[in-house]
Amino acid sequence: MDEIELAEDEESSDYVTFDMLGERYAFPMRRVQEIIRMPSVVRVPLGPPSLEGLANLRGRVLPVVNLRQCCAMEQAEHDETTRVIVVDSGVPLGFVVDRVASVISIDPQALEPADAVQSTVRSDVLVGVIKSGEGEMTTVLDVDQLIGSQFAGLAERRPGGGREAASRPTGEPDPEAESDDTLELVSFAVEGQEYALPIDQVQEIVQAPESVSHVPNAAGQVLGVIDLRGRLLPVVSMRRVFGLPVTPLEPQNRIVVVSLKDGVVGVVMDTVREVLRVPHQLVAPLPGVVAGEGRKTEVESVCRLEDGKRLVSVLSVNRMFDSPEVRDEIAGYREDDEEMTSERPGEADDGRGGEELFVVFRLDKEEYAVDVDAVQEIIRVPDALIRVPKSFDFVEGLVNLRGTVLPVVDLRTRLGLARAPRDERQRIVVLIIGGVRTGFIVDSVAEVARVGRNVLEPAPELSEEQARVVSRVANLPEQQRMLLLVQVDQLLAADQAAVAAGLCEEIVDEALAGV
C-alpha cells in the first residue's frame, strides 16, 4: 500500500484500521484524507514530544506526529511498512503508524463505548472497541482528543478563520542609530585573503550549484549562467577577476549576487565569512602608491580590525567589472532575461515587491531564517567568552564587540536542542531584542536568500511557545527545502531581555570602577 487517496465518507460505520505494537486500531474513515509513506521531515524546536516534524504534502505544510508517543507506547524504528495517516483537523495532520491494515465497514451496533472496555492507551482518546465474530478487537481512537491533547489551538487554524498569518517580522530600530557612523559589509575569502563588499550592493547570497552552464565566446571573467528562480544569472569567477587559477565548484562556495549599472551578476567566492558593521574611523582609503598598480584599483579602502591584526580589503563593484566586454556581456543577459520574462504571461518583475529577504542559518541539520533587516551583523565566535554566573541556562556569556558589551545566547539551548561543541563554522548572529543588542550562536550561516511571499505561510500552531518563536515557514518543494522563519522579538521574553541588559550594565560599571 504505497499511497491511498480517500474521499470523505459521511457513513460513520466505515473505518481505516492500522496496527501499533501488535494491536489493531482504527480512525473513522470520514476523518481520513489519505495514507502516505513516511516522508522526510524538518524538525521543529519547542514543539510537543510527539511531533516528528514538518513535511511537504504537494505544496502544503504537513505536521507529522508519532502516534505511539501520543499514546505513551514503546517507541520503534520506522521501516518499509510505516505509514502516515493524514487526517482532517482543520489543517492536515499526519499520524505515524506501524502498518495500515484495511478499510472496513461494520454494523454500528458492533461498536462498544470506551467506558465499557480496558486498553493500554489512555481512555480519554478512545471512542470505543469494534468486536468481530472471530474474537478480534479493534480500538477506535478519537481524532479530536488526540489532536487536542498534543496541539492546543491547531484546530483553530482553518482556511479563512482562526489566527491570522503572522505579520512579517522586522528588526527593531537601533537605539544608537549607528548605521550613519558605520560601514556595513559582507566579507568573503578568495585564496585565503579576506575581502568585502558594501552590503547595499549585495542583493542576496546563494549556494553555488554543482555546475554552471558555459556560454561560448563569453568574456574571460564570465564562467557561464545559472537559473535563479526562473531568471538567467550571469556568473563571474572572483578568482578570474584576481588573475588566480579557477577551481571546481565545491559545497562551501557561495555566489554573491550584486547590482551593477548594466544589470545583475553573480560572483563566485571561495567562502562567505560574515556580515561586518565597521566604524568609519577604522576604514582608510587605499594608499595612492598602491592604487596606481593596475588591477589593485578594484580595492577602494581597507578596514583595520582587531587592532590592525586583521585587514579586510573593501572592493568596488563597478571597478571589478569595468571592462567593456564584461559590461556588454552582462547587459546582453539582462536583455535576454527581460525578453523571456515578457513571454511569460502573468509574470511581472516587481523587484522586492513580491519577495522578502532572509538570512538563513543552520541548527542541528535544519534551516532557519530571520528577516535580513533584523540582523545587525554576523561575527565569528571568539575563543573565550566572559562567563556569567546565576544566569539563564542558554546565556553563554559576554563578549566585547568593539567596545560594546554583547550578551551571547546559545540558540540551540534556547530552542530546546542539544548543545554542540565549538567549531570553525559557528557564527554569532547579532540582533536587537528589547532595545538590547544580543548575539545568538548558530551552527553556521548558509546564505542570504530572497523568498517569494507566495511560498510563505503561517507555521502550524503545535505549541504556544513554538507558535510565537517559529511564526512562519517558507515551503520550497522544488528545492526540497523548508525554512523555519524565526520571530526575532520572541527569542527572549521581556524579563530575559532585561536580565541581559542588566548583565551588560554590571560589566560596564565594574570596568569604569576599575579605571
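- Residues satisfying the ring pair (Phe, Tyr, Trp, His ring centres under 6.0 Å) test with Tyr368, not counting sequence neighbours, are Phe361.
- Side-chain contact between Val409 and Ile441 is absent, with no heavy atoms from C-beta onward closer than 4.5 Å.
- Leu197 has its side chain within reach of Val317: a pair of non-hydrogen atoms, C-beta onward, lies under 4.5 Å apart.
- Across every non-hydrogen atom of Leu51 and Pro63, the tightest pair is CD1-CB, 4.4 Å.
- The backbone N or O of Pro460 lies less than 3.5 Å from a partner atom in the side chain of Gln466, making a donor-acceptor pair.
- No side-chain donor-acceptor contact under 3.5 Å links Arg310 to the backbone of Arg304.
- Between Pro198 and Leu315, the shortest heavy-atom contact is CD-O, 3.8 Å.
- Residue Gln480 qualifies as open at atom CD: its count of foreign heavy atoms under 6.0 Å is 12 or below.
- Across all non-hydrogen atoms, the minimal contact from Ala196 to Val312 is CB-CG1, 3.6 Å.
- With Asn475 contributing its side chain and Val455 its backbone, the two residues share no donor-acceptor pair below 3.5 Å.
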Verdict with reasoning, Arg37 to Glu80, per side-chain contact (heavy atoms from CB on, under 4.5 Å): CA-CA 8 Å; Arg37 287 180 176 272; Glu80 285 298 314; 3.5 Å; yes

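- With a 6.0 Å radius and a threshold of 12 heavy atoms from other residues, nucleotides or ligands, Glu424 has its CD atom at or below the threshold.
- Side chain of Arg425 to backbone of Arg422: no donor-acceptor contact under 3.5 angstrom is found.
- For the pair Val448 and Phe358, the minimum side-chain heavy-atom distance is 4.5 Å or more.
- Under the 3.5 Å distance criterion, the side-chain polar atoms of Arg412 are matched with a main-chain donor or acceptor of Ala418.
- At least one side-chain heavy atom of Val314 sits under 4.5 Å from a side-chain heavy atom of Cys303.
- Ala420 approaches Gln426 most closely through the heavy-atom pair O-NE2, 4.1 Å.
- Using a 4.5 Å heavy-atom threshold, the side chains of Val42 and Leu484 count as touching.
- Nearest heavy atoms, Pro234 versus Val265: O-CG2, 3.4 Å.
- Expressed to the nearest 0.5 Å, how far CG of Leu485 lies from CD of Glu356 amounts to 8.0 Å.
- Remark: side-chain polar atoms of Asp270 are paired, donor with acceptor, to backbone N or O of Glu191 under 3.5 angstrom.
- Side-chain N/O atoms of Ser259 and Gln201 include no donor and acceptor closer than 3.5 Å.
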Apply side-chain contact (heavy atoms from CB on, under 4.5 Å) to residues Leu363 and Leu411 and explain how you reach the verdict. CA-CA 8 Å; Leu363 288 174; Leu411 192 52; 3.8 Å; yes

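- Once rounded to the nearest 0.5 Å, the distance linking CD1 of Ile199 with CD of Glu377 reads 10.0 Å.
- No option in Ile433, Val370, Val486 other than Ile433 meets the side-chain contact (heavy atoms from CB on, under 4.5 Å) test with Phe440.
- Using a 4.5 Å heavy-atom cutoff, the side chains of Glu457 and Val61 are in contact.
- At least one donor-acceptor pair under 3.5 Å links the side chain of Arg239 to the backbone N or O of Pro245.
- In terms of modelled atom types and a separation under 3.5 Å, the side chain of Arg254 and the main chain of Ala446 share a donor-acceptor contact.
- A heavy-atom distance below 4.5 Å is not found between the side chains of Arg83 and Val96.
- Ser471 and Gln487 share a donor-acceptor pair across their side chains, judged by distance under 3.5 Å alone.
- If you take CG on Leu276 and CG on Leu183, they are separated by 9.0 Å, rounding to the nearest 0.5 Å.
- When all heavy atoms of Val470 and Ala459 are compared, the closest pair comes out as O-CB, 3.4 Å.
- The shortest distance between side-chain heavy atoms of Leu305 and Leu311 does not fall below 4.5 Å.
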